[in-house]
K.L.:
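One structure is given below, represented as structure tokens, and several questions about it will come after.
Please read these numbers as outputs of a predicted model, since none were measured by experiment. Below, read A as the first sequence line, B as the second, and so on, with proteins coming before strands; counting in each chain starts at 1.
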Amino acid sequence: MTLQPPDPQAFYALVWEIVRQIPAGRVSTYGQIASMIPPPQGVEPPLYDRMGARWVGDAMRATPEGSGIPWQRVINSRGQISLPAGSAGADVQRALLEREGIVFDEQSRVDLRLYGWEGPSAEWLAERGLLPPFSFRPPEDTGQGMQLSLF
DNA sequence: CGTTTGACTACGC
DNA sequence: CGCGTAGCCAAAC
């Protein structure tokens, strides 16, 4: 267990609520989810920057079984499953994601630019006092994308 | 008691 | 692009 947020259960509840919004076939990361939650009272931004993602990880580990929370859709910033490689949990997570259509590359990584979730709608976030997450897609990737001239 | 152990990341080689 | 490390500290051993 690492340093904990002031009110772990309150923080975890926010994480779980957000995770519930991740659609099947898409994934989010510990860091992206942390970026949607404002630093808890008493936690200065610099500390939150270092601990936020870990706290999201703590929340995932504490996910109540049978809650219906799609915990498998949360992976790390490298696009990989964070549970110990080869562990039963990791195998289950990968199987669940593949069942949703997610494809892993030869290095067991998921392409976040392709499967990364863009986050809940601005309204959904605003209603709960949450922040817009960072995007996995390049800033000006609005679909067309400029092609690099080959000559 | 002293050690080990974390569902993390950004950063530097 | 891969690999190691610092930053964190509460629990479980």
K.L.:
Which label fits A/Phe136 and A/Phe134: parallel for a plane angle under 30°, tilted from 30 to 60°, or perpendicular past 60°?
P.N.:
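Answer is perpendicular, since the angle exceeds 60°.
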K.L.:
To the nearest angstrom, how far is A/Ile37 atom CD1 from B/dC8 atom C1'?
P.N.:
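These atoms are roughly 14 Å apart.
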K.L.:
Separation of A/Asp49 atom CG from B/dA10 atom C1', in whole Å?
P.N.:
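Distance check: A/Asp49 CG to B/dA10 C1' gives 10 Å.
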K.L.:
Rounded off to whole Å, could you give me the CG-to-C1' distance for the A/Asn76 and C/dG2 pair?
P.N.:
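Nearest whole value for this atom pair: 14 Å.
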K.L.:
How would you label the contact of A/Thr2 with the nucleic acid (heavy atoms, under 4.0 Å): base, sugar-phosphate, or nothing?
P.N.:
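Contact class for A/Thr2: base.
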K.L.:
From the set B/dA7, C/dC9, B/dT9, return the single nucleotide nearest to any side-chain atom of A/Leu3.
P.N.:
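Given the options B/dA7, C/dC9, B/dT9, the side chain of A/Leu3 is closest to C/dC9.
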K.L.:
Would you kindly give the CH2-to-P distance between A/Trp55 and B/dT9, to the nearest whole Å?
P.N.:
14 Å
K.L.:
Say we look at C/dC13 and B/dA7: how far apart would their P atoms be, to the nearest angstrom?
P.N.:
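Looking at atom P only, C/dC13 and B/dA7 are 13 Å apart.
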K.L.:
To the nearest 0.5 Å, what is the distance between OG1 (A/Thr63) and CH2 (A/Trp16)?
P.N.:
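Between A/Thr63 OG1 and A/Trp16 CH2, I get 6.0 Å after rounding to 0.5 Å.
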K.L.:
Compute whether any side-chain donor of one residue and acceptor of the other, for A/Arg94 and A/Ser108, lie under 3.5 angstrom apart.
P.N.:
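Present: a donor and an acceptor within the cut-off.
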K.L.:
Over all strands shown, is A/Gln107 touching base, sugar-phosphate only, or nothing at heavy-atom distances under 4.0 angstrom?
P.N.:
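The residue A/Gln107 makes sugar-phosphate contact but no base contact.
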K.L.:
Once you apply a heavy-atom cut-off of 4.0 Å, does A/Trp71 come out as touching a base, just sugar-phosphate, or nothing?
P.N.:
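Counting heavy atoms under 4.0 Å across all strands, the contact made by A/Trp71 includes a base.
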K.L.:
Taking OH from A/Tyr48 and C1' from C/dG7, how many angstroms apart are they, rounded to a whole number?
P.N.:
17 Å
K.L.:
Find the distance A/Arg61:CZ to C/dA12:P and express it as a whole number of Å.
P.N.:
10 Å
K.L.:
Out of B/dG6, B/dT9, B/dA7, which nucleotide sits closest to the side chain of A/Met60?
P.N.:
B/dA7
K.L.:
Looking for any heavy atom pair under 4.0 Å, which part of the strands does A/Arg109 touch: base, sugar-phosphate only, or nothing?
P.N.:
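Here A/Arg109 touches the backbone only, sparing every base.
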K.L.:
Taking atom P of C/dA12 as reference, at what distance in whole Å does atom CG of A/Asp58 sit?
P.N.:
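That distance rounds to 13 Å.
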K.L.:
Answer yes or no: is there an ion pair linking A/Arg137 with A/Glu118, defined by an N-O contact shorter than 4.0 Å?
P.N.:
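Not counted as a salt bridge, because no side-chain N and carboxylate O are separated by less than 4.0 Å.
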K.L.:
Output the rounded distance in Å from CD1 (A/Ile75) to P (B/dT9).
P.N.:
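Atom CD1 in A/Ile75 sits about 10 Å away from atom P in B/dT9.
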K.L.:
So, does A/Gln93 use its side chain to make a donor-acceptor pair with the main chain of A/Gln72 at under 3.5 Å?
P.N.:
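Indeed, once roles are kept as given, a pair shorter than 3.5 Å links the two residues.
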K.L.:
Please determine, for the side chain of A/Gln4, which listed nucleotide (B/dA7, C/dA11, B/dT9) has the closest atom?
P.N.:
C/dA11
